[in-house]
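Structure first, commentary second.
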Number of protein chains: 2
Amino acid sequence: MPETTRRADRHADRLSGTRYGNRPTMKDVAARAGVGLKTVSRVVNGEPGVTPDTERRVQEAIDALGFRRNDSARVLRKGRTASIGLVLEDLADPFYGPLSRAVEEVARAHGALLINGSSAEDPEREQELALALCARRVDGLVVIPAGDDHRYLEPEIRAGVATVFVDRPAGKIDADVVLSDNYGGARDGVSHLIAHGHRRIGFIGDMPRIHTAAERLRGYRAAMEDAGIPVEGQWMSLGATDPVRVRRAAEDMLSGPTPVTAIFAGNNRVTVTVIRVLAEQSRPVALVGFDDIELADLLQPGVTVVAQDAAALGRTAAERLFRQLDGSLVAPERIELPTRLITRGSGELPPAG
Amino acid sequence: MPETTRRADRHADRLSGTRYGNRPTMKDVAARAGVGLKTVSRVVNGEPGVTPDTERRVQEAIDALGFRRNDSARVLRKGRTASIGLVLEDLADPFYGPLSRAVEEVARAHGALLINGSSAEDPEREQELALALCARRVDGLVVIPAGDDHRYLEPEIRAGVATVFVDRPAGKIDADVVLSDNYGGARDGVSHLIAHGHRRIGFIGDMPRIHTAAERLRGYRAAMEDAGIPVEGQWMSLGATDPVRVRRAAEDMLSGPTPVTAIFAGNNRVTVTVIRVLAEQSRPVALVGFDDIELADLLQPGVTVVAQDAAALGRTAAERLFRQLDGSLVAPERIELPTRLITRGSGELPPAG
DNA sequence: CGCGCATCTGACAACGTTGTCCAGGCTCTA
DNA sequence: TAGAGCCTGGACAACGTTGTCAGATGCGCG
């Protein structure tokens, strides 16, 4: 009866004064090796001042007991945890995978572990996560903001938690920020369509309260204005980017009295849905998407995109974070990484209809 | 001169007896609120036995000082960290994103944080990571094995670290394992090609030391044998799955004296490269891939795949892990999740040539 | 042979929290 | 009004580690 066994175990633990799990500690190792506690600590941490013979005895005891240093206690004593937190929107989003991996690589190079969590685009959850990470005393925090007010982090930053915001700027506090050039990228993408003869160009983007979405919209407007093209309200869709809504938005702007001949898609999710809708259209419609997508080159036509370098965003942010920890950084800075227009066909289609 | 500043800071810290960063502790809060240490603890943890008035005073002190409980110390005292570790191969791989997210969701539902790291398919790095996580005293470990010997985890498991292996089985130890039906999936996929008239079918897969790769190869062989088709050596490529090598393998099996009329691709990365190669061929070649890929339905033809449910793998593993922690689990088990054949066109092409 | 010095070792406090336990003050009842 | 019992608050130890410091041991040299 396993349940009985287990309960008995717990009872035994209670009796012996140790907890369930009952791991050996340095004290146990010391006792077994017949040395002092501190000597074990020295061996475990490779500190000098231990004779080879003693070291061997200690090592044997460690192996025999299966001892592993408790880093929680170590952290408590030393003050640094050698771990950093990453708060992002959704780990399952293909945009954040490479970003996350890049942060991890930099952390690894600095001997730190990475704790990450998804905010699911919910400001409250972002805050909850970030503060939970602070309570764990991560040395630093890389945040992809969901909310637009980060004053809740002020005490933490003051207390020494290195903090860098990525992809979107921090709200209402002064902090390091690493962004893509969303405005410039969108403007270039839309200008590209205009250069290929389009004038009726649709824009489907996320809610403008999301900074990247607002910036890309701004880029769209700027490109249109530069070309002297007045924008009609029905050409723009600014809201949630779930497939149903995006599909309806695309179909609407393709069917009105002044249907668009080209669409600029505000992010990778939008692009994918728009591709599906366009595949169903009888006449060709040009498309430029923000964010690169896998296999974009294999579709017919290939999908022209404004690509941002997710890995570079992550790497830059993480490196900056560790430079904060070094103390080699002074004032918060705003770093903007360039985007790249990749032409593959869909953005070079001429206006039809 | 930052270095000078810093040294001065350290000196000041030394003097005041606190460390760099100098966070308020419960003691500080207690002093400011004019109450005892334990009373603060009670307020912070919502324990009963504090009058509203006292609670208010404490809360004010907490807010004024920007106090946040140090979970490291808490962990040390309580023995559980409310965090679990996930060791996977590559966070940037689109297959692991959803898996990781699923694990995170389950962890979140249990009030736990997720620490994850990439092994980069290196057994040594896997071990290093897993043991680092154990040193942090994670409550449990979800491991996507890179190596085939996990005896190094035995002391940890004995010490109470809940452990579940995903995607590939544990090596040389008895532990919970959650897998996809790699053998059955591959067999079905290859049988599908055979049912559509193919006899010369190529297989491009990863190194057979990787369990999933070996199982899928076994499925391929079984399907061929069931159909009474002898397999020629040049139809199989078993090695690294970098684009260069896969491309060469595909081109080789398409050009020999007995060229294949269909290819079974052993994983998502292989599938993508094979699609590129096939797009360059003059005659149509059938393709079935293991793992679903985004936009597979939009290609010409759509890509037929054997899909596994990455999120379900992660969810199942994490749930099992927390059941281990509950104590409601007894013996290690091997759970196999079914795969699903999704027909989209490429796998239904008839043999050509 | 004794002294000083270098090397090695261990006792002890501290990190910030929580569990245990006891003291004091209050209310309520007889 | 006295006593019982409850409620609130606080002192103290413990969690497992590391830094400090002092003691012990052994060695070389005068």
Side-chain angles (χ1 to χ4, degrees), chain A residues 13-14 16-58 61-62 65 67-82 134-137 159-160, chain B residues 10 13-14 16-31 33-58 61-62 65 67-82 134-137 159-160:
Chain A
D13 288 340
R14 187 74 49 84
S16 71
T18 66
R19 75 194 49 174
Y20 181 64
N22 195 9
R23 275 172 170 279
T25 70
M26 284 193 178
K27 204 166 141 189
D28 301 324
V29 174
R32 174 158 186 140
V35 302
L37 182 54
K38 180 65 207 198
T39 301
V40 177
S41 172
R42 272 193 269 262
V43 171
V44 169
N45 295 296
E47 289 170 25
V50 182
T51 47
D53 182 57
T54 310
E55 173 163 357
R56 190 185 45 72
R57 284 213 325 280
V58 171
I62 288 176
L65 294 173
F67 167 81
R68 185 165 313 284
R69 182 180 62 197
N70 185 333
D71 276 355
S72 290
R74 179 168 218 253
V75 159
L76 180 58
R77 190 61 233 254
K78 305 204 70 144
R80 282 279 161 100
T81 57
C134 290
R136 303 283 163 122
R137 294 293 186 271
Chain B
R10 283 216 199 98
D13 288 341
R14 186 74 50 84
S16 70
T18 65
R19 74 191 49 173
Y20 182 63
N22 194 9
R23 275 172 170 278
T25 71
M26 284 194 178
K27 205 165 140 189
D28 301 324
V29 174
V35 301
L37 182 55
K38 180 65 208 203
T39 301
V40 176
S41 172
R42 273 194 269 262
V43 171
V44 169
N45 294 295
E47 289 170 24
V50 182
T51 48
D53 182 58
T54 309
E55 172 163 359
R56 190 185 45 72
R57 283 211 327 279
V58 171
I62 289 176
L65 295 173
F67 167 81
R68 186 164 314 282
R69 182 180 63 198
N70 184 333
D71 277 354
S72 289
R74 179 168 218 251
V75 158
L76 180 58
R77 190 60 233 254
K78 304 204 70 140
R80 283 277 162 98
T81 56
C134 289
R136 303 282 165 121
R137 294 295 186 267

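In what follows, every chain begins at residue 1, and chains take the letters A, B, ... in the order their sequences are listed. These figures come from a predicted structure and were not determined experimentally.
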Rounded to whole Å, how long is the line connecting atom [atom1] of [X] with atom [atom2] of [N]?
X	N	atom1	atom2	answer
B:M26	C:dG19	CE	P	10 Å
A:D53	C:dT9	CG	C1'	13 Å
B:N45	C:dG16	CG	C1'	12 Å
A:L37	C:dC15	CG	P	18 Å
A:K38	D:dG19	NZ	C1'	6 Å
A:E47	D:dT18	CD	P	8 Å
B:I62	C:dG16	CD1	P	16 Å
B:R56	D:dT8	CZ	C1'	16 Å

Does a side-chain heavy-atom distance below 4.5 Å link B:N70 with B:R23? no
Classify the side chain of A:R77 and the base of D:dT18 as holding, or not holding, a donor-acceptor pair under 3.5 Å. yes
Is it the case that C:dG16 (base atoms only) and B:K27 (side chain only) share a donor and an acceptor within less than 3.5 Å, ignoring hydrogens and angles? no
Backbone N or O of A:E47 within a donor-acceptor pair of the A:N45 side chain at under 3.5 Å? no
Evaluate the criterion side chain to side chain contact (heavy atoms under 4.5 Å, CB included) for residue pair B:V44 and B:I62; output intermediate values, then yes/no. CA-CA 9 Å; B:V44 169; B:I62 289 176; 3.9 Å; yes
[X] has a side chain; which of [options] sits nearest to it?
X	options	answer
B:V50	D:dG9, C:dT18, D:dT17	D:dG9
B:F67	D:dG16, C:dT17, C:dG19	C:dT17
A:V35	C:dG10, D:dG9, D:dG10	C:dG10
A:T39	C:dT9, C:dT18, D:dG16	C:dT9

When rounded to the nearest 0.5 angstrom, what is the spacing between CZ in B:R68 and OG1 in B:T25? 14.5 Å
Determine, for A:D28 against A:R32, whether the closest basic-nitrogen to carboxylate-oxygen distance falls under 4.0 angstrom. no
What's [X] touching, base or sugar-phosphate or nothing? Going by heavy atoms closer than 4.0 Å.
X	result
B:R42	base
A:S72	nothing
B:D71	nothing

With a cut-off of less than 4.0 Å, is there a side-chain N or O of [X] near OP1 or OP2 of [N]?
X	N	result
A:S41	D:dT18	yes
A:N70	D:dC15	no
A:T51	C:dC8	no
B:K78	C:dG19	yes
A:T54	C:dT9	yes

Check the pair B:D71 / B:R74 against side chain to side chain contact (heavy atoms under 4.5 Å, CB included), numbers first and verdict last. CA-CA 5 Å; B:D71 277 354; B:R74 179 168 218 251; 3.8 Å; yes
Closest nucleotide of DNA chain D for B:R137 versus for B:G49: which of these residues is on the 5' side? B:G49
